[in-house]
Amino acid sequence: MAKNLLIVESPAKAKTIEGYLGKDFLVKSSYGHIRDLVKTDDAIDTEKNFEQKYEVPSDKKAVVSELRKLAKAAETVWLASDEDREGEAISWHLFETLGLKDENTKRIVFHEITKPAILKAIDNPRKIDYNLVNAQQARRVLDRLVGFELSPVLWKKVKPSLSAGRVQSVAVRLIVDREREINKFEPEAAFKIVAFFHTGKVKDSFKAELPQRFATEAEATKFLEDCKAALFSVKNLETKPAKRSPSAPFTTSTLQQEASRKLGFSVARTMQVAQRLYESGRITYMRTDSVNLSDTAIEAAEKEIKSAYGNQYHKLRKYKTKTSGAQEAHEAIRPTYFSEHTIDGDASEKRLYELIWKRAIASQMSEAEFERTLAKIDISTRTEDLNASGEVMKFDGFLKVYMESLDDEQDSAMDEDSDNAILPPLAVGMPLTLKNMSATERFTRPPARYTEAALVKKLEELGIGRPSTYAPTISTIQNRGYVIKEEREGKSRDYRVLTLKDAELTAITKTEITGAEKGKMFPTDIGVVVNDFLVEHFNGIVDFHFTANVEKEFDDIAHGLTEWTKMLHDFYGPFHSEVEDTLVNADRANNERELGIDPVSGKPVSVRIGKFGPLVQIGSPDDEEKPRFASLRKGQMIETITFEDAMELFKLPKKVGLFEDKEMTVAVGRFGPYIRHNSAFYSLPKGVDPLDVTEEEAIQIIKDKRQKDIEKVIRVFEENPDAQIEQGRWGPFIRFGKQNLKIPKGTEIEKITYADVLKWAEADAPKGKATKAKTTEKKTVAKKAPAKKAPAKKTTKSK
DNA sequence: CAGTGAGCGAGCTTCCGCTTGACTT
């Protein structure tokens, strides 16, 4: 048995460290936290100084009992969890749960997994820092109190099963606020002047722009008219050197942002792929807020840069974390071996690795150097000057490997086409020939909607959430139905273009699509209702600075300046009163709004959240005649729907005629417009307006769909017409009544018999019972598991 | 992907942060 047991948080880390330490050390992992507050409402006794009830969750029991056994046998136990609040608490929980003794327990910390760092840590052991542990307890207890007191208020005042919390509710608020800014936004039009000149040789033409814009078409026209007979010349030339520096290596948040922009990954996908790279030893730990590189990494990068690109490309750089609240328990995300420019693996692993490699390498490279030229062009008939700018790269530096892409926000702040073209040789006083000039009507743009990654960036700026929770938070707010990531169609908009060419002025109207979105975060009506409710009654909690403020107090606790229970008392007293008060006094929230009066019945038309989502309604339940109802469609919201749009909703579902003696009905569902016929669904092709589908068109759509279905069938089983092999998206599968069966790998399709199908269907039917039986040790678990299953399934299915 | 839309009421939901697999589609 080894003399020393060293416990870290992650098994991959344990493996690496074991290699550094040799035979005397057994290195094991706790797999994160091993204890947590019990899941029931009595986890914290607010009357007794916030006394907590902890338990080892069932999935951690095996880990804990193994560690306990090993700890008993070891001479010394080294607690090597991360050096941050959570890590310190993990060490403390291990100490308590494993029944460790002070005299043979040592607490050590390191910020990088390198041999010198580990050895140095072992030479400098310390004791558990109870101030830091208390700070974590305060954090944990506060989050539980907030989450488990606010959520039930929502169940009572809005809808069951909703949730609220210090992090998720602010994330939703950001999205709701942004949506409102966009709705409120009124674009302003202005005419932008762009001209193309040459110096005699037509192929040397270059672009110039007027820095100011004209508010009206009349002013723009006047400008172009003035330019008809004008003489143009170079008035001023200025050449300046410019430099661009590389970005710091990746943290979790910046990796998520770049992977989203450059690879189109969701934050969850980025983390999944990064996890695989980490586990296979390709990269360092992927949940980090630090931009720091270890000395060994900096040296390795230097060596690689010098040998691959030359000495002039290297520049030693150390980065400082700007994010407030960063705990820097790890290194930045970097490749383990800089010499590996690419790796084996699937496509997404390769692409993400390359991104990480390039960013880390570039962070140790020299600046890119440019020469930027700005030319001012005189117009003889006007006082304004045109600007032309060009950029020549003198030295590529880090750009040889890595170019960071721009955010949407930065994007819209910049001119769409302010490219860095090359200017031909120019001299002051040189006359210029105008090729053409245009005045194009351009509109100011509303603030950009959040992508998942942009939301993570914002949360990080506000100090809300941690690297390990960004991706889960983004998932939570979508799973709760507060926000939805989707595609929305834009609207077309006309704009004017005036062109001056060969001393002739022409004007045309063009059309563009504006406001189309893909993969952006939109609030849902329920998200809006919950947000407004929380802002009205619990503004302190959903305030953007709440986390930053309590973090300061946690820091004070960590430094021994504040008693953690006092901090919680001061918070909980007023908070709990607010909860009580809201439960008694607040109205139910459904964001009801009256839109107008139905001209046919004379009854009021209103919109609100109903039992099954947002709806419009004509009349009220008090009327003798029952009210009429219709659900809102994709992209429509309670807050913004117009009376006209609401009235349109009552036109569907609509009967369009008969086919095979059965009625055909057109309606709009969750996945778009469809025809219902004989209890089957046929979606309408794109671009067909559900309101004016004719009987003939509907019949054709049904026939087309049937034809396509027939083409998909590979084989039908004679024994049962409900059993057939079909070509699916990912290959053939068996449709057996309502069951979809996988075909086992290596099976020849020709040889499948009906008996096989019956056998596979049988095997497919009952699921997941074996695994559940194992976890029924505790009464609470046994009671909860089946009850949980049923409603959870329903909600996921109804999406 | 329809239909529904009140209120009654048992028993359920819920937080954030630290880690991986074991699940399904």
Side-chain angles (χ1 to χ4, degrees), chain A residues 8-13 29-37 39-41 43-44 57 59-60 63 81-82 84-87 89-90 93 136 139-155 159-169 275 278-279 285 287 329 464-470 472-473 476 480 547 590 608-617 621-622 626-631 653 665 667-676 679-684 728-730 733 740 742 767-768 771-772 783-784 786-788 790-793 795-796 798-799:
Chain A
V8 294
E9 292 180 33
S10 146
K13 219 187 256 182
S29 148
S30 73
Y31 292 83
H33 274 293
I34 50 144
R35 261 200 333 187
D36 192 15
L37 294 173
K39 290 185 176 50
T40 44
D41 284 342
I44 297 154
D59 59 329
K60 288 289 166 63
V63 177
S81 47
D82 298 344
D84 56 20
R85 213 159 55 200
E86 298 298 324
I90 288 176
H93 282 302
Q136 193 273 348
R139 199 281 303 157
R140 180 69 190 90
V141 169
L142 180 132
D143 281 338
R144 168 58 69 87
L145 290 173
V146 169
F148 275 40
E149 295 214 5
L150 279 190
S151 301
V153 178
L154 296 180
W155 304 343
K159 207 177 106 168
S161 299
L162 294 175
S163 66
R166 175 177 57 84
V167 173
Q168 57 169 289
S169 297
Q275 177 84 27
Y278 167 65
E279 283 172 13
Y285 197 56
R287 290 186 276 265
I464 298 172
R466 303 277 313 128
S468 68
T469 59
Y470 294 139
T473 300
T476 300
R480 294 269 175 277
T547 291
N590 64 9
R608 66 181 165 91
I609 291 246
K611 205 169 170 183
F612 308 104
L615 62 91
V616 282
Q617 161 180 348
D622 307 334
K626 273 198 168 182
R628 291 175 64 198
F629 299 102
S631 296
T665 311
V668 174
R670 181 76 187 79
F671 307 135
Y674 63 92
I675 300 166
R676 197 165 142 232
S679 73
F681 298 93
Y682 304 87
S683 33
L684 291 191
R729 255 188 85 167
W730 296 288
F733 69 100
N740 288 345
K742 264 188 195 166
K767 267 179 226 163
T771 50
K772 210 150 280 157
K783 232 166 83 184
K784 268 179 195 167
K788 225 188 219 171
K793 258 198 177 160
T795 49
T796 46
S798 65
K799 279 193 217 160

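Since the structure is predicted, the reported quantities are computational estimates derived from the model, not experimental observations. Residue numbering restarts at 1 for every chain, and letters A, B, ... go by the order of the sequence lines.
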Note to self: Using whole Å, what does the distance between atom P of nucleotide dC15(B) and atom CZ of Arg480(A) come to?
What the structure shows: 4 Å
Notebook entry, point to check: Side chain of Ser161(A), base of dT13(B): donor and acceptor closer than 3.5 Å?
Noted result: yes
Margin query: Without decimals, in angstroms, what is the distance between Phe681(A) CZ and dG3(B) C1'?
Written below: 10 Å
Notebook entry, point to check: Relative to the 5' end of DNA chain B, which residue comes earlier, Lys159(A) or Arg35(A), by the nucleotide with the nearest heavy atom?
Noted result: Lys159(A)
Checklist line | Between P of dT19(B) and OH of Tyr278(A), the distance in whole Å | finding: 8 Å
Next item on the list: Check every atom of dT20(B), dT14(B), dC15(B) against the side chain of Ser10(A) and return the nucleotide holding the closest atom.
Entry: dT20(B)
Next item on the list: Quick one: list whatever passes side-chain contact (heavy atoms from CB on, under 4.5 Å) with Ser468(A), sequence neighbours left out.
Entry: Arg287(A), Arg466(A)
Item checked: salt bridge (Lys or Arg N to Asp or Glu O under 4.0 Å) against Lys13(A), all qualifying residues, sequence neighbours excluded -> Asp82(A)
Next item on the list: For DNA chain B, produce a single dot-bracket line, 5' to 3'. Pairs: Watson-Crick or G-U wobble, both distances under 3.5 Å. Symbols: ( ) within strand, [ ] crossing, | other strand, . unpaired.
Entry: .........................
Next item on the list: In whole angstrom, give the distance that lies between atom CZ of Arg628(A) and atom P of dG3(B).
Entry: 13 Å
Next item on the list: Spell out yes or no: do the side chain of Arg466(A) and the base of dC16(B) have one donor N/O and one acceptor N/O closer than 3.5 Å?
Entry: no
Margin query: Between Ser81(A) and Val8(A) (side chain of the first, backbone of the second, donor and acceptor by atom type, cut-off under 3.5 Å), is there such a pair?
Written below: no
Margin query: Can you measure Gln136(A) atom CD to dC16(B) atom P for me and round it to whole angstrom units?
Written below: 15 Å
Next item on the list: Calculate the interatomic distance between Leu37(A) atom CG and dG17(B) atom C1'; express it in whole Å.
Entry: 12 Å
Item checked: Listed nucleotide nearest any side-chain atom of Ser468(A), set dT14(B), dG17(B), dT20(B) -> dG17(B)
Note to self: On DNA chain B, compare the nucleotides closest to Arg608(A) and Ile90(A); which residue's is nearer the 5' end?
What the structure shows: Arg608(A)
Checklist line | Nearest-Å distance for atom pair CZ/P, residues Arg287(A) and dG17(B) | finding: 13 Å
Next item on the list: State whether Tyr285(A) places a side-chain N or O below 4.0 Å from either non-bridging phosphate oxygen (OP1 or OP2) of dT19(B).
Entry: yes
Next item on the list: Whole angstrom is fine here: how far is it from CH2 in Trp155(A) over to P in dT13(B)?
Entry: 7 Å
